[in-house]
Chemist: 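Dropping a structure here in structure tokens format, bear with me for questions.
Lettering follows sequence order; numbering is per chain, from 1.
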Amino acid sequence: MTAVPPERADLYGSSRDFATALAVWFNSSHRKMPWRETRDPYAIWLSEIMLQQTQVETVRGYYDRFLAKWPTIADLAAAVDGDVMKAWEGLGYYARCRNLLAAARKIVSEHDGLFPREFDQVLALPGIGRSTAGAILTFAFGQRHPLLDGNVKRVLSRLLDIAEPVTGKAVDDRLWAVTSQLIGDAPDPWVHNQAVMELGARQCVPREPKCLLCPVRSFCAAQAAGTVLQRPVKVKKPPVPHKQIAVAVIVAGDKLYVQQRPHEGLLGGLWEFPGGKQEDSETLEETVLRECQEELGITVAVGRKIAEIRHAYSHFRITMHAYFCVQVGQEPIAARAAIASRWVTRDALDALAFPKANKDLIAIVMGDHLELT
DNA sequence: AAATCGGGGGC
DNA sequence: GCCCCAGATTT
């Protein structure tokens, strides 16, 4: 059998046969997940949002706790924003959490509290794009919609042996066309969409794919061409910048100063210790002093260094240097870089949502004697 | 089309 | 260290 040319628009074989083989494999062996045991659109919606760019094993604990705390859309819509953010703490991509809460309130106000069943109405909810909308409507209501997530992209780019980078619009359009064709021919939309993602997560994995055990091996053009390991084609990412961040743990008696980041942008809505990026020709102590002047309008005495924490974000890295500080003088704090600020005891930190690097810092502060020098 | 947006899994 | 993950939104 000859290799399939990359221009080939459709599947290597009948898409009906493909979907059937995939469904047989899925029904015989698949992982158990709580969101596969329900048809509650709210629970499925929640799972789909948590699962965006996040692996199944990471989501499990968050999902159960979240549902137990807010069992219905009405419960979530009535929740306190900070409590919801706290439940999301550590899961990342916090705009998902803000959008989830906003969508819950929109469903209450515009859809009588019932999750919509129409694709366009689902797509209009914040945080829900084309793929997530299709996933929710398929898994909750059994509707027939295509999805295209990272797993499906990898599976299809191998099935069709796509030689162009998967970041372009032409390839994206083609992948959507193929996933639409497949779901259109599948015996059961629920099983099919679950099965393609399961295949990508367990068999058709990025490195060392288990092609010998693949249920749709005979349909795979990359398998025939021997190019499985080269698909999907990705462009190499440039190295990310590394910033030096200096932060102030300002102590007054048994209390510490913390502030809340603006809702938009990086780590939006989370709490943190004040600080910022080290400028050229500036010591870290000078950075702490300057940031407290600029962000809080106060002068501090910079004391003992208590932590040095490295952390990686999606598009840059930081080393966070933390110093104990005390305020010098009596100026009131003007939290210019924050939407709220508080003096709290160490025990009260637990009620607020912090980014991971700040959580690491707090763990150190909790075990410290809390003296300046 | 490219950049932004977290944190952890797994090698 | 690196790539990837049940992507969406903004620029």
Chemist: Have a look at A:R98 and say if it touches a base, only the backbone sugar-phosphate, or nothing, with a 4.0 Å heavy-atom cut-off.
Modeler: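 Since no nucleic acid heavy atom lies under 4.0 Å of A:R98, the category is nothing.
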Chemist: By nearest heavy atom, map A:E48 and A:P126 onto DNA chain C; which one lands nearer the 5' end?
Modeler: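 By nearest-heavy-atom nucleotide position, the 5'-most residue is A:E48.
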Chemist: Of the nucleotides C:dA6, B:dT4, C:dC4, which has the atom closest to the A:P206 side chain?
Modeler: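 Of all the options, the side chain of A:P206 is nearest to C:dC4.
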Chemist: List the residues meeting side-chain contact (heavy atoms from CB on, under 4.5 Å) with A:F26, not counting sequence neighbours, and say none if there are none.
Modeler: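 Testing A:F26 for side-chain contact (heavy atoms from CB on, under 4.5 Å), a comparison that skips the adjacent residues, returns A:H30, A:R36, A:W190, A:V191, A:Q194, A:A195, A:E198.
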Chemist: Cut-off 3.5 Å, side chains only: do A:H321 and A:K305 have a donor facing an acceptor?
Modeler: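 Yes.
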Chemist: Mind checking A:V59 for me? I need base, sugar-phosphate or nothing, with any heavy atom below 4.0 Å counting as a touch.
Modeler: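 Counting heavy atoms under 4.0 Å across all strands, no contact is made by A:V59.
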Chemist: Would you call the rings of A:F141 and A:F115 parallel, tilted or perpendicular, taking 30° and 60° as the class edges?
Modeler: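 If you compare the ring of A:F141 with that of A:F115, the planes turn out tilted.
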Chemist: Looking for any heavy atom pair under 4.0 Å, which part of the strands does A:K169 touch: base, sugar-phosphate only, or nothing?
Modeler: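 If one applies the 4.0 Å heavy-atom cut-off, A:K169 turns out to touch the sugar-phosphate alone, with no base involved.
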Chemist: On a whole-Å scale, what distance lies between the P atoms belonging to C:dA6 and B:dC5?
Modeler: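 C:dA6 and B:dC5 have their P atoms separated by 23 Å.
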Chemist: Where does the angle between the aromatic ring planes of A:W88 and A:F66 fall among parallel (under 30°), tilted (30 to 60°) and perpendicular (over 60°)?
Modeler: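 The arrangement is perpendicular - the two ring planes meet at more than 60°.
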Chemist: OP1 or OP2 of C:dC3 sitting under 4.0 Å from any side-chain N/O of A:R154?
Modeler: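 No, because none of the side-chain N or O atoms of A:R154 sits under 4.0 Å from OP1 or OP2 of C:dC3.
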Chemist: Taking C-beta and beyond as the side chain, do A:W70 and A:R65 meet within less than 4.5 Å on heavy atoms?
Modeler: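 The answer is no; the side chains never approach within 4.5 Å.
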Chemist: Heavy atoms under 4.0 Å is the rule here; annotate nucleotides 6-11 of chain B 5' to 3' with B where the base is hit, S where only the sugar-phosphate is, and - elsewhere.
Modeler: BBBSB-
Chemist: Could you give the distance separating C:dT10 and B:dG6 at their P atoms, to the nearest angstrom?
Modeler: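 These two P atoms come out 14 Å apart once rounded.
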Chemist: Send over the distance from A:K237 NZ to B:dC5 P, rounded to a whole Å.
Modeler: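 Rounded to whole Å, this separation is 15 Å.
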Chemist: Tell me whether the centres of the aromatic rings in A:W35 and A:F139 are closer together than 6.0 Å.
Modeler: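 Here the rings of A:F139 and A:W35 have centres that are no less than 6.0 Å from each other.
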